[in-house]
Engineer: 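One structure, as structure tokens, below. Some questions next.
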Protein chains: 2
Amino acid sequence: MKQGTIPKATVARLPLYLQCMQSMAPTETTVSSETLARMANLNPANVRKDLSFLGSHGVRGVGYDRLHLCMQIKLELGLIEAWQVIIVGVGNLGSALANYGGFEAAGFDVVGLYDADPEKIGMEFHGHMVRPVSALASDIAGSPIAMAIITTPALAAQEIADTLVDCGIRSILNFAPAVIQTPPGVECRHVDLATELQILSYYQARQA
Amino acid sequence: MKQGTIPKATVARLPLYLQCMQSMAPTETTVSSETLARMANLNPANVRKDLSFLGSHGVRGVGYDRLHLCMQIKLELGLIEAWQVIIVGVGNLGSALANYGGFEAAGFDVVGLYDADPEKIGMEFHGHMVRPVSALASDIAGSPIAMAIITTPALAAQEIADTLVDCGIRSILNFAPAVIQTPPGVECRHVDLATELQILSYYQARQA
DNA sequence: AGCTGTGAACATATTCACAGCC
DNA sequence: GGCTGTGAATATGTTCACAGCT
């Protein structure tokens, strides 16, 4: 019931609950914290506490109405309208993400691809022509583009991020293997694929 | 100095320190907790505490010897020898990851690609022929393959994971948009690309 | 009876503050 | 003087346990 500000850890789990509920059979109209917990590999109390931040939407003795809960989570996450997203860096990963259907499925529109390499300009992926990074500023100005995905090499990432921030982008998803510095007010998430394997390596190394 | 068991949060940051140090000029032979903290967007005390779990490798008044620290971290993470990794699911993402140089750069060897789709069998990416998932068991048995990356559609992910676990794989990096259940002793990390955007959406929606 | 919502207890993680050493 | 290493303090996150509602 503590409306207003949701703990980071909870925010990071809300999309997971959405995913779990979307994978349930359509006949399942209600869902309990225990079911969700089992699907998400969490503790039921954790699920209940998370959902309580959205307000009291459960019914005691019954559970949560699945569709209603999905809607509440989408509302809270700001997923009612599709955000427009651009991808900067059309290498292996960037072009794969451009073709990846998961972003659309999750409610995002990939509306533009950019690259610094003149050879890539004009290539088409997923119905979008690759445009030069020099066009970023004018393309973003006055457009509703809110988020950017960086899939450039590490060395280019910071410069691209600076450009994006200058253009008014305030949400960045960075796949380049480099930490990016952004001013306050800009949210930047870093997903490093090799890092994930290195973390696994630690646990792999100390078993068996 | 508290040898033996390292907190999860620290383990997740060790690769970051490696990355930061690898991006420094070769002339920089020592590095301070403050420098590392600035590069990694962390608090210097946090860095020092993290590194203290590796033992006392710093010199008061000076800092840490860069090469020595890199080696200590690699040792701790089990990155001295290259782990062999396979990729299951050669769609957009899987093939991009097969071609992605970052895993090799981070000390992993992608040694095999697998897919369930007969049309994909025999295709070549990054010097590897795609093999059928039915060959997984015999390919893994007796081989040093330790880790697997799942890039299948959501619906196939659990079944593939079960197969991998049966084959003795104990470290799984899952990119499929589905939670995977694994028995104790199997470490499974889940990276969901759409989820990352959805988390950003929350913060994007409540600013400006 | 069954399940939510939540205060209290516990666990983990981060930051402070400073002693200790170069 | 400058930087590490670390106990203590704080903040955040998770789990328990149970009251409260249907």
Side-chain angles (χ1 to χ4, degrees), chain A residues 1-17 20-21 24 28-70 72-73 76 179 199 202-203, chain B residues 1-17 20-21 24 28-70 72-73 76 179 199 202-203:
Chain A
M1 245 298 220
K2 200 183 286 173
Q3 213 69 323
T5 182
I6 300 186
K8 279 176 175 219
T10 296
V11 171
R13 277 188 299 262
L14 291 178
L16 185 60
Y17 299 139
C20 290
M21 285 190 284
M24 287 173 63
E28 311 255 7
T29 129
T30 65
V31 60
S32 70
S33 61
E34 203 188 313
T35 307
L36 266 180
R38 202 169 33 236
M39 295 179 85
N41 279 332
L42 294 167
N43 182 299
N46 202 339
V47 173
R48 290 200 298 277
K49 184 145 283 183
D50 282 346
L51 298 182
S52 78
F53 287 109
L54 310 178
S56 292
H57 296 290
V59 180
R60 291 168 202 232
V62 180
Y64 303 88
D65 180 79
R66 187 162 67 111
L67 263 59
H68 180 255
L69 186 54
C70 281
Q72 284 304 317
I73 293 178
E76 197 63 42
V179 179
I199 296 169
Y202 173 83
Y203 298 102
Chain B
M1 244 293 217
K2 199 182 288 174
Q3 214 69 323
T5 182
I6 300 186
K8 279 177 177 218
T10 295
V11 170
R13 277 188 299 263
L14 291 178
L16 186 61
Y17 299 140
C20 290
M21 285 190 284
M24 289 172 62
E28 312 255 9
T29 129
T30 65
V31 59
S32 71
S33 62
E34 204 189 312
T35 307
L36 266 181
R38 203 169 34 237
M39 295 179 85
N41 280 331
L42 294 168
N43 181 299
N46 201 339
V47 174
R48 290 200 297 278
K49 184 145 283 184
D50 282 346
L51 298 183
S52 77
F53 287 108
L54 309 178
S56 292
H57 297 289
V59 180
R60 292 169 201 232
V62 179
Y64 302 87
D65 181 79
R66 188 162 66 110
L67 263 59
H68 179 255
L69 186 53
C70 280
Q72 284 304 317
I73 293 178
E76 196 64 41
V179 179
I199 295 169
Y202 173 84
Y203 297 102

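Because the structure is predicted, anything quoted here is derived from the model rather than measured. The figures that follow rest on heavy atoms only: side chains count, while hydrogens, waters and symmetry mates do not. Residue numbers start from 1 in every chain, and the chains themselves are labelled A, B, ... in the order their sequence lines are given, proteins ahead of strands.
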Engineer: So, OP1 or OP2 of C/dG5: does either fall under 4.0 Å of a side-chain N or O from A/Y64?
Structural biologist: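 Yes.
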Engineer: Any non-hydrogen side-chain atom of A/F53 less than 4.5 Å from a side-chain atom of A/V11?
Structural biologist: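 Contact flag for A/F53/A/V11 side chains = no.
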Engineer: Taking the minimum atom-to-atom distance to the side chain of B/A45, which one of C/dT15, D/dT14, D/dG5 wins?
Structural biologist: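 Per side-chain heavy atoms of B/A45, the pick is C/dT15.
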Engineer: Can you measure A/L51 atom CG to D/dT15 atom P for me and round it to whole angstrom units?
Structural biologist: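 A/L51 atom CG is separated from D/dT15 atom P by 15 Å.
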Engineer: Closest-nucleotide mapping onto DNA chain D: is A/N43 or A/K8 further toward the 5' terminus? I mean the 5' end.
Structural biologist: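 Nearer the 5' end of the strand: A/K8.
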Engineer: Are the side chain of B/R48 and the backbone N or O of B/S33 linked by a donor-acceptor pair below 3.5 Å?
Structural biologist: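 No, the answer is negative, given that no donor and acceptor are paired below the 3.5 Å cut-off.
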Engineer: Atom NE2 of A/H57 and atom P of C/dG5: how far apart are they, to the nearest Å?
Structural biologist: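 Rounded to the whole Å, the gap is 9 Å.
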Engineer: How many Å lie between CG on A/N41 and C1' on D/dT14, as a whole number?
Structural biologist: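 After rounding, the reported distance stands at 15 Å.
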Engineer: Return whichever of B/K49 or B/S33 has its heavy-atom-nearest nucleotide of DNA chain D closer to the 5' end.
Structural biologist: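 Nearest-nucleotide comparison on DNA chain D picks B/S33.
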Engineer: Mind listing the closest non-hydrogen atom pair of A/Y17 and A/L51 along with its distance?
Structural biologist: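 Minimum heavy-atom contact is CD1-CD2, 4.0 Å.
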Engineer: Kindly check if the number of other-residue, nucleotide or ligand heavy atoms within 6.0 Å of CD (A/Q72) is above 12?
Structural biologist: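 Buried by this count: over 12 neighbours within 6.0 Å.
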Engineer: Give a yes or no on whether a donor-acceptor pair under 3.5 Å exists between the nucleobase atoms of D/dT22, that is its base, and the side chain of A/R60.
Structural biologist: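 Between D/dT22 and A/R60, which were checked side chain against base, a qualifying N/O pair under 3.5 Å is absent.
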Engineer: What's the CZ-P distance between A/F53 and C/dG5, to the nearest Å?
Structural biologist: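 These atoms are roughly 12 Å apart.
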Engineer: Measure from CG on A/L54 to C1' on C/dG5 and round the result to the nearest Å.
Structural biologist: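 Rounding to the nearest Å, CG of A/L54 and C1' of C/dG5 are 13 Å apart.
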Engineer: Under 4.0 angstrom, heavy atoms only, what part of the nucleic acid is A/T10 near: base, sugar-phosphate, or nothing?
Structural biologist: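 Here A/T10 touches no strand at all.
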Engineer: A side-chain contact here means heavy atoms from C-beta on lying under 4.5 Å apart; do A/D50 and A/I6 qualify?
Structural biologist: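 SC-SC contact between A/D50 and A/I6 ruled out.
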Engineer: Using a cut-off of 4.0 Å on non-hydrogen atoms, how would the nucleic acid contact of A/A9 be classed: base, sugar-phosphate, or nothing?
Structural biologist: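 If one applies the 4.0 Å heavy-atom cut-off, A/A9 turns out to touch the sugar-phosphate alone, with no base involved.
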Engineer: Rounded to whole Å, how long is the line connecting atom CG of A/N46 with atom P of C/dT6?
Structural biologist: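 Between P of C/dT6 and CG of A/N46: 15 Å.
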Engineer: OP1 or OP2 of D/dC18 less than 4.0 angstrom from a side-chain nitrogen or oxygen of A/R48, does that happen here?
Structural biologist: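 Result: no.
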Engineer: Within this structure, what is the CD-to-C1' distance between A/Q72 and C/dG5, rounded to whole angstrom?
Structural biologist: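 From A/Q72 CD to C/dG5 C1': 16 Å.
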Engineer: Checking all strands, does B/P7 fall into the base, sugar-phosphate, or nothing category for heavy-atom contacts under 4.0 angstrom?
Structural biologist: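 The residue B/P7 makes sugar-phosphate contact but no base contact.
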Engineer: Atom CG of A/D65 to atom C1' of D/dT22: distance rounded to whole Å?
Structural biologist: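 Distance, rounded to whole Å: 15 Å.
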